[in-house]
Amino acid sequence: MAEANTMDALVALCKRRGFIYPASEIYGGINGFWDYGPLGVQLKNNLRDHWWRSMVECPPIGPDGHPLQMVGLDSSIIQNPNTWVASGHVGGFNDPMVDCRECKTRFRADKVFYVYVFSEACSREIKDDMSIYLNRDPGCEGEVEIVLAAAAEGDSLEQAADFAPEAIRQAAKNHNIGNFKKCEAPEEVSLLRGLGTFLLKDKNGLDFLTVVTPATRADGGPRPCPRCGAADSLTEPRLFNLMFETFVGAVKDEDAKAYLRPETAQGIFLNFKNVLDTMRVKVPFGIAQIGKAFRNEVTPRNFVFRSREFEQMEMEWFCPPDEAPKWYEFWKAERMKWWRGLGIEPANLRLRDHDKDELAHYSDACVDVEYKYPFTAPNFGELEGIAHRGCFDLTRHQEHSKIKMDYFDPERNERYIPHVIEPASGLTRGALVLLCEAYTPDESRPSKVFMKFHPKFAPVKAGVLPLVAKDGMPEIAEKLYLELRETFIVDLDIKQSIGKRYARQDEIGTPYCFTIDGQTKEDDTVTVRYRDTLQQDRIAISKVKDFLAEKIGGK
RNA sequence: GCGGGCGUAGCUCAAUGGCUAGAGCGUCAGCCUUCCAAGCUGAAUGUUGUGGGUUCGACUCCCAUCGCCCGCUCCA
């Protein structure tokens with residue numbers, strides 16, 4: 001697997017050989033959507049089936065030496081829209097953005113903060129305007145003096161408490177008000193409401209108020225850019241809807257609004273009680289699901305890496321709260337082992353722990369399995385996220401649905417809401433990794449390139465080729481083909497020269513070719529040609545099926 | 001959405017504003033071929049993204065529009 005400019009060649013090969021086509025191509029395409037061709041769907045299904053097999057049908061052995069409990073699920077793509085209110089996606093996936101007209105930087109509006117300082121001697125108008133942020137009745141005393149942009153990229157709302165004192169200090173300094181020493185000591189700054197409003201006190205009590213507010217709420221005053229400092233250069237916040245909306249039923253009004261799921265996980269949480277009540281499972285156990293998910297990405301990029309419709313393989317592991325760190329570590333190791341087991345070059349895989357400030361709203365800790373994609377190299381890009389979701393989701397659904405989500409643990413004789421560890425893989429990203437990993441230029445062979453798929457994932461397992469299309473060879477080949485296709489996906493290719501046919505099989509990554517030649521009629525043997533080495537062995541035609549079974553493995 | 005780049009055959013690409021828009025590869029047919037012959041012969045495949053304009057004449061210049069690619073942001 002090679003450098004970034006091979007990505008174009010890979011994309012071209014994917015189309016030329018029927019792996020992946022641009023969606024709606026005859027209408028000029030549609031950005032962020034891809035169609036999986038005959039070979040692509042086979043490759044993707046092979047990966048999908050392997051995950052399902054190793055997760056649901058034959059789950060890993062747990063730390064106690066016994067197999068884990070795991071069940072499967074296939075929930076609906078469209079659910080009651082309250083699902084997404086409860087999960088936080090209706091809020092979280094509607095991120096307003098602002099752009100700097102000067103330096104062209106884009107910020108998430110809730111990560112750009114403005115600081116308003118509200119002190120004595122300000123106009124009534126501003127005072128009243130500010131009071132909405134202060135959650136006070138209009139007509140209160142005080143004055144707004146300052147509007148200051150002061151967000152650093154990567155600052156989250158949660159960090160505002162750390163950020164605010166410094167910003168306030170600067171504000172006070174720049175505008176020469178107040179004694180900014182007063183807010184240096186943390187105890188002198190207290191959070192009034194939410195994350196935005198700070199009360200700065202001195203010995204005499206209330207001195208002045210500051211409001212730190214994300215740009216989403218900062219309508220009115222000048223909007224300087226935190227990056228380049230240009231005055232009033234930010235645009236109004238614009239909404240980017242990351243969830244696809246649709247309408248259920250014939251009448252298209254707001255009441256009928258629903259969403260295409262942006263992750264498969266919520267379908268699992270919605271069915272937690274059902275599974276618990278019907279499947280004789282005990283905590284700890286897991287529910288696994290594979291399916292499509294949809295995100296209206298601002299910018300789909302890098303082939304199928306970031307597409308608007310994609311496929312996930314997700315598992316939610318429910319465990320007692322005090323065991324969550326143990327299971328987090330367990331799945332972290334287990335998932336890495338799984339990816340390595342696919343035959344991926346170990347140097348191209350790594351684990352990366354998320355920093356606190358990049359954690360999603362639902363997670364306590366998160367680690368990514370990352371792959372060195374050609375377009376990210378020498379850096380890595382995400383392939384799977386293993387999140388410690390705590391009891392966030394079940395708790396939220398309990399709140400919103402009023403249905404109890406707690407679990408009675410008979411062994412501990414206690415009730416709790418289970419904590420959740422979530423290994424969430426991209427199936428379509430996984431297929432992309434298999435493609436990237438397999439792509440092997442080789443100037444020495446006629447095809448100049450071959451796809452070095454692990455035999456287990458190769459879309460076609462073997463080619464059945466008569467050396468020449470005469471002397472009864474095609475007949476023998478067809479007989480072998482009919483026998484093999486009962487168990488394996490095999491190609492029968494009779495026409496054209498043998499070299500040309502080998503080359504074609506190389507390019508689609510067929511690991512073995514069985515060739516019927518003159519000797520076959522004499523001693524019932526065929527040659528087996530290995531894709532990776534180009535070497536050939538002679539084996540009995542009756543052993544071909546066993547040969548493939550051994551090479552490709554069982555289920 | 002903003003900025004930059006690009007749209008010619010299935011793919012990769014040519015073609016000073018001027019003959020019927022070409023080449024290689026792939027595909028298909030025939031031939032050849034007893035293990036790399038992806039060799040030989042031939043065939044099919046284009047509203048040059050779309051619409052307008054300038055011009056005697058536009059793949060080429062201008063405008064608009066659509067789409068794709070790269071960056072910003074987001075994420076499996």
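Keep in mind it's a predicted model, so treat the numbers as computed, not measured. No hydrogens, no waters, no symmetry mates; every other heavy atom, side chains included, goes into these values. Chain naming here is simple, since letters A, B, ... match the order of the sequence lines and numbering starts at 1 in each.
Taking the six-membered ring for Trp and the full ring otherwise, the centers of A/Phe450 and A/Tyr439 sit at least 6.0 Å from each other.
In this structure the side chain of A/Met473 never reaches within 4.5 angstrom of the side chain of A/Thr520, judged on heavy atoms. Residues A/Trp84 and A/Met243 form a side-chain contact, since some pair of their non-hydrogen atoms from C-beta on lies under 4.5 Å apart.
Note on A/Asn302: every side-chain N or O is 4.0 Å or more away from OP1 and OP2 of B/rC69.
Distance from the side chain of A/Lys495 is smallest to B/rG30 among B/rG30, B/rC69, B/rC35. Counting only heavy atoms from C-beta on, A/Asn31 has its side chain closest to B/rC68 among B/rC36, B/rU12, B/rC68. With B/rC11, B/rC36, B/rC35 as the candidates, the nucleotide lying closest to the side chain of A/Pro446 is B/rC36.
Residues A/Arg504 and A/Gln496 have side chains that bring a donor and an acceptor to within less than 3.5 angstrom of each other.
A 6.0 Å sphere centred on CD of A/Glu478 holds no more than 12 heavy atoms belonging to other residues, nucleotides or ligands.
Contacts of A/Glu334 classified as side-chain contact (heavy atoms from CB on, under 4.5 Å), with partners at least two apart in sequence or in another chain: A/Pro60, A/Phe330, A/Trp331, A/Lys337.
Using a 4.0 Å heavy-atom criterion, one finds that A/Glu384 contacts the sugar-phosphate atoms exclusively.
Remark: RNA chain B takes part in the stems B:1-7 with B:66-72, B:10-13 with B:22-25, B:27-31 with B:39-43, B:49-53 with B:61-65, each of 3 or more antiparallel Watson-Crick or G-U pairs, criterion distances under 3.5 Å.
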